[in-house]
Amino acid sequence: KMRDRGDYTGKMWITEIGAEAAPPEQPTQQPTQSEVDQSHYLRAIYSGILDDPLLHSEVAHVFWFKYEDFVPGNYTHKYGLVRLLENSARDNYAPSGEVWMHKLAYKTYQEVAFGYSADDPVDEAEARRNNWIYFAQTRQAIAPEFGAYWLEKGGIERFGYPVSRPVYVHGILSQFFQRAVFEYHPEYAGSANEVLLRLVGSESTSGRFFEKPDPAVLSVDRTIFPETGYSLGGAFKRFWEQTGGLAVYGYPISEEVQEVSPTDGQTYTVQYFERNRFELHPEATGTPFEVQVGLLGAELFNGDLWWR
């Protein structure tokens with residue numbers, strides 16, 4: 001039609017592209033079939049245009065309808081890529097505008113925009129050209145925003161290898177490592193908080209209850225933290241103090257407990273912190289491996305709901 005009117009230079013704008021998807025009841029649940037269908041539809045539309053040279057040259061913009069589901073309390077239109085947090089009465093959005101749940105299509109949209117999936121391997125030659133810290137063990141490279149922090153705060157022993165490419169999680173540039181998730185905060189540029197560690201310990205224990213110690217009968221060699229009500233002592237306390245303390249691990253959020261490791265099926269004494277889990281390995285007493293940090297970053301990433 002544009003050409004019929006003699007317009008040989010104008011480009012097309014495509015609007016109101018969308019597909020409905022009903023999310024599950026909770027963000028901890030796997031995607032519904034309608035989420036999967038919406039995700040496939042979004043990828044087909046955008047990738048179809050990006051991968052076709054003629055369409056790519058002729059189409060200026062493609063607008064997805066819509067960012068959020070509506071109306072709160074009675075979602076008659078489920079075209080959104082997210083569902084926003086509701087107010088306490090559940091009849092309107094919360095004033096914060098905060099996202100409550102991302103749909104699978106939101107993750108797909110990000111993949112199309114970046115040109116890669118979070119678990120796509122990094123080309124080693126490209127990493128070398130850009131001076132990224134590359135690891136053949138996982139075929140991933142540390143994003144430039146995180147390289148200095150990783151090196152300064154303990155490297156492989158503290159955080160393990162990167163297991164993902166940099167991705168945006170809840171609007172924050174993030175990268176998954178075996179033992180942590182790094183977050184980049186440009187609003188704190190130049191300060192100690194420019195890179196922060198995600199509270200993966202708190203996330204992994206959500207819904208669990210840990211009994212708090214009685215300060216009156218607490219052993220003298222243990223320190224109790226009033227911020228959480230839990231204590232720290234012995235090998236875990238030495239390790240916490242010597243390898244990063246509050247900034248790297250956060251406060252303790254449990255006492256020492258016996259737990260079966262998801263990695264090797266063995267039972268260990270463990271303690272949870274806001275940002276990780278400590279594991280006691282008595283067979284390595286007297287070595288740097290007596291206390292080991294849990295693989296919570298890898299567990300969260302491999303659970304495949306990190307994008308929710």
Side-chain angles (χ1 to χ4, degrees), residues 26-28 85 88 96 98 149 152-155 157-160 170 172 174 177-183 185 188 191-300 303 306:
Q26 297 295 328
T28 54
L85 190 67
S88 57
S96 67
E98 183 180 345
Y149 185 97
E152 292 170 4
K153 300 297 184 180
E157 291 183 0
R158 201 70 59 243
F159 307 114
H170 300 159
I172 300 171
S174 306
F177 292 77
Q178 290 172 310
R179 295 183 169 89
V181 181
F182 286 23
E183 297 181 342
H185 291 265
Y188 301 133
S191 76
N193 294 327
E194 186 171 355
V195 174
L196 296 173
L197 300 181
R198 183 165 162 172
L199 303 178
V200 292
S202 298
E203 289 184 49
S204 70
T205 57
S206 178
R208 295 180 62 182
F209 171 78
F210 298 102
E211 187 174 350
K212 295 183 179 181
D214 182 353
V217 298
L218 199 64
S219 172
V220 294
D221 66 335
R222 299 190 67 83
T223 300
I224 194 164
F225 291 82
E227 292 83 358
T228 61
Y230 293 103
S231 68
L232 186 57
F236 286 164
K237 181 180 180 182
R238 291 192 297 273
F239 185 86
W240 188 88
E241 292 175 338
Q242 294 169 5
T243 62
L246 186 62
V248 174
Y249 305 114
Y251 293 109
I253 56 173
S254 81
E255 290 295 282
E256 296 178 8
V257 295
Q258 297 293 301
E259 196 166 88
V260 177
S261 169
T263 303
D264 61 13
Q266 300 297 310
T267 300
Y268 296 101
T269 298
V270 307
Q271 185 168 12
Y272 283 90
F273 296 80
E274 291 174 305
R275 294 185 170 92
N276 218 295
R277 177 185 66 224
F278 287 3
E279 302 172 354
L280 186 64
H281 290 258
E283 73 280 5
T285 299
T287 76
F289 305 105
E290 180 181 6
V291 175
Q292 297 181 25
V293 181
L295 302 176
L296 294 191
E299 289 174 18
L300 178 62
W306 54 266

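What you see is a predicted model; the values in this text were computed from it and never measured.
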Peer 1: Check F289 against H281 and note the closest heavy-atom contact, atom names and distance.
Peer 2: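 Minimum heavy-atom separation between F289 and H281: O-CB, 3.8 Å.
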Peer 1: Please lay out, stage by stage, how S219 and D221 fare under the test side chain to side chain donor-acceptor pair (under 3.5 Å).
Peer 2: CA-CA 5 Å; S219 172; D221 66 335; 2.4 Å; yes
Peer 1: Which heavy atom in P226 sits nearest to a heavy atom in I224, and how many Å separate them?
Peer 2: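 Shortest heavy-atom separation between P226 and I224 comes out as CD-O, 3.5 Å.
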Peer 1: Work out which heavy atom in L296 is nearest to a heavy atom in G201; give both atom names and the distance.
Peer 2: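 Heavy atoms only, the tightest pair is CD1-CA, 3.9 Å.
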Peer 1: Angle between ring planes, F225 versus W240, binned at 30° and 60°: parallel, tilted or perpendicular?
Peer 2: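 Ring orientation, 0 to 90° scale: perpendicular.
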Peer 1: Rounded at 0.5 Å granularity, tell me how far CG in N276 sits from CG in L199.
Peer 2: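 So the gap between those two atoms works out to 11.0 Å.
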Peer 1: Could you note down all residue pairs passing side-chain hydrogen bond (donor to acceptor under 3.5 Å, both in side chains) where residues 286-299 supplies at least one of them, sequence neighbours left out?
Peer 2: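 Applying side-chain hydrogen bond (donor to acceptor under 3.5 Å, both in side chains) to every pair that reaches into residues 286-299, excluding sequence neighbours, yields R277-E299.
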Peer 1: Between V270 and F278, is there a side-chain heavy-atom distance shorter than 4.5 Å?
Peer 2: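 Heavy-atom side-chain distance check fails, nothing below 4.5 Å.
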Peer 1: Any non-hydrogen side-chain atom of N193 less than 4.5 Å from a side-chain atom of H185?
Peer 2: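 Side chain of N193 against side chain of H185, heavy atoms only: no contact under 4.5 Å found.
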Peer 1: Between E274 (side chain) and Y251 (backbone), is there a donor-acceptor pair under 3.5 Å?
Peer 2: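 Answer holds: yes.
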Peer 1: Does CD in E157 sit with more than 12 non-hydrogen atoms of other residues, nucleotides or ligands closer than 6.0 Å?
Peer 2: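 Count not over threshold, so no.
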Peer 1: What distance separates F236 CZ from Y249 OH, expressed to the nearest 0.5 Å?
Peer 2: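 Those atoms lie 11.5 Å apart.
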Peer 1: Verify, without hydrogens or angle tests, whether S206 (side chain) and E203 (backbone) share a donor-acceptor contact under 3.5 angstrom.
Peer 2: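 No; judged by distance alone, with no hydrogens or angles, the pair does not exist.
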Peer 1: Which label fits F159 and Y149: parallel for a plane angle under 30°, tilted from 30 to 60°, or perpendicular past 60°?
Peer 2: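 Geometry flag for Y149 against F159: tilted rings.
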Peer 1: Taking S174 for the side chain and I172 for the main chain, is one N or O donor matched with an acceptor at less than 3.5 Å?
Peer 2: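 Indeed, once roles are kept as given, a pair shorter than 3.5 Å links the two residues.
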Peer 1: Tell me the closest heavy-atom pair linking L280 and A235, and the distance in Å.
Peer 2: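 It is CD1-CB, 4.0 Å.
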Peer 1: For a quick test of reading the model, state the closest non-hydrogen atom pair linking G233 to E256 and the distance between them.
Peer 2: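 In this case the closest contact between G233 and E256 is O-OE2, 3.8 Å.
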Peer 1: So, does S261 use its side chain to make a donor-acceptor pair with the main chain of Q266 at under 3.5 Å?
Peer 2: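 Absent.
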Peer 1: Nearest 0.5 Å, what's the CZ-CG distance between R158 and L197?
Peer 2: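 The distance works out to 11.5 Å.
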Peer 1: Can you tell me how far the OG1 atom of T228 sits from the CZ atom of F273, to the nearest 0.5 Å?
Peer 2: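 One finds 9.5 Å between OG1 of T228 and CZ of F273.
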Peer 1: Which residue pairs pass the salt bridge (charged side-chain N to carboxylate O under 4.0 Å, His left out) test when at least one of the two sits in residues 205-216, sequence neighbours left out?
Peer 2: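 Checked against salt bridge (charged side-chain N to carboxylate O under 4.0 Å, His left out) - neighbours excluded - the pairs reaching residues 205-216 are R208-E259.
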Peer 1: Restricting to non-hydrogen atoms, name the atom on S191 and the atom on Y188 that form the minimum distance, rounded to 0.1 Å.
Peer 2: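 Heavy atoms of S191 and Y188 come nearest at OG-O, 2.7 Å.
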Peer 1: Between the main-chain N or O of F210 and the side-chain N or O of Y230, is there a donor-acceptor pair closer than 3.5 Å?
Peer 2: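 A pair under 3.5 Å: yes.
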Peer 1: Could you go through the side-chain contact (heavy atoms from CB on, under 4.5 Å) check for Q271 and L232 one step at a time?
Peer 2: CA-CA 9 Å; Q271 185 168 12; L232 186 57; 3.6 Å; yes
Peer 1: R198 side chain to V181 main-chain N or O, any donor-acceptor pair under 3.5 Å?
Peer 2: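 Not confirmed, R198 side chain does not pair with V181 backbone.
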